[in-house]
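First the structure, in the form of structure tokens, and then the observations on it.
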Amino acid sequence: MDIKIKRVYEPAEPSDGMRILVDKLWPRGVKKADLKMDEWAKVLTPSTEARKAFGHKPENFDSFKSRYLAELNANPEAAAYAEHLRALAPPVLTLLYAARDPKINHAIILKGWLEEQLG
């Protein structure tokens with residue numbers, strides 16, 4: 001399974017495969033009818049506390065990554081969702097996120113975690 005990440009503000013493309021929103025909150029400025037997505041995986045999102053502590057500041061990213069991975073690993077619902085994805089076996093999976101910075105965001109961390117889970 002090829003896992004990609006993409007901002008929700010970028011247009012959908014056929015090459016995206018299965019599209020999953022991985023933000024806890026609905027993205028600003030996007031109408032629900034306008035976002036092409038297959039599922040909304042709130043169970044895979046970081047806790048509100050982790051998001052607030054991160055604050056999208058580069059200096060907080062390493063500690064955020066550690067905390068978020070610990071949350072994912074301790075969450076049986078996250079593991080069950082990974083198994084759900086394994087069963088669906090889409091050739092391409094695109095994780096949709098709204099954060100501005102393409103280099104420091106939770107979707108990058110989640111992509112790595114899912115790749116590890118799905119082997």
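Note that the structure is a prediction, hence the values are computed from the model and not measured.
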Donor-acceptor pair, side chain of Arg86 and main chain of Gln117, under 3.5 angstrom:
yes
CD1-CD distance between Ile3 and Glu115, expressed to the nearest 0.5 angstrom
5.0 Å
Given side chains that start at C-beta, do those of Phe61 and Ile109 come closer than 4.5 Å, heavy atoms only?
yes
Roughly how far, to the nearest 0.5 Å, is CD1 of Ile5 from OG1 of Thr94?
10.0 Å
Side chains of His106 and Leu44: does their closest heavy-atom pair fall under 4.5 Å?
no
Test Lys111 against Ile108 for side chain to side chain contact (heavy atoms under 4.5 Å, CB included), laying out the working first.
CA-CA 5 Å; Lys111 177 184 185 289; Ile108 291 170; 5.8 Å; no
Quick check: closest heavy atoms across Ala99 and His56, and the distance to 0.1 Å?
CB-CE1, 3.7 Å
Sidechain-backbone polar pair: Asn73 side chain, Leu69 backbone, donor-acceptor under 3.5 Å:
yes
Side chain proximity check, Leu95 to Leu110, heavy atoms < 4.5 angstrom:
yes
Is any side-chain heavy atom of Phe54 closer than 4.5 Å to one of Ile104?
yes
Specify the closest pair of heavy atoms between Met37 and Trp26, including all atoms of both residues, with the distance to one decimal.
CE-CZ3, 3.9 Å
Would you list the pairs meeting salt bridge (Lys or Arg N to Asp or Glu O under 4.0 Å) in which at least one residue belongs to residues 23-43, sequence neighbours left out?
none
Gap between atom CG of Leu96 and atom CG of Leu35 - 0.5 Å precision
6.0 Å
Does Lys65 come within less than 4.0 Å of Asp62, counting only side-chain N to carboxylate O?
no
If we only count heavy atoms from C-beta on, is the Ile20 to Leu93 side-chain gap below 4.5 Å?
yes
Inspect the contact between Glu49 and Lys52 and indicate whether a charged nitrogen and a carboxylate oxygen are less than 4.0 angstrom apart.
no
Which heavy atom of Leu114 sits nearest to which heavy atom of Ala82, and what is that distance?
CD2-CB, 4.2 Å
Do Leu21 and Tyr81 belong to the same hydrophobic cluster, where Ile, Leu, Val, Met, Phe, Trp and Tyr are linked whenever their side-chain heavy atoms lie under 4.5 Å apart, directly or via other members?
no
From CE (Met18) to CE (Met1), nearest 0.5 Å:
8.5 Å
If the threshold is 4.0 Å, N to carboxylate O, is there a salt bridge linking Lys6 and Glu13?
yes
Please name the pair of heavy atoms, one in Ala78 and one in Val43, separated by the smallest distance, quoted to 0.1 Å.
N-CG2, 3.9 Å
Treating Ile, Leu, Val, Met, Phe, Trp and Tyr as nodes and any side-chain heavy-atom pair under 4.5 angstrom as an edge, say whether Val22 and Val92 lie in one connected cluster.
no
Exam field: side chain Asn105 to backbone Tyr97, donor-acceptor pair closer than 3.5 Å
no
In terms of heavy-atom contacts, Ser47 and Glu71 come closest through OG-OE2, 2.6 Å
Looking at Ser15, is its backbone amide N or carbonyl O close enough to the side chain of Lys4 to form a donor-acceptor pair, meaning the two atoms are under 3.5 Å apart?
yes
Exercise: identify the closest heavy-atom pair between Ala53 and Arg67:
CB-NH1, 3.9 Å
Would you check if the side chain of Arg7 reaches a backbone N or O of Ala98 as a donor-acceptor pair within less than 3.5 Å?
yes
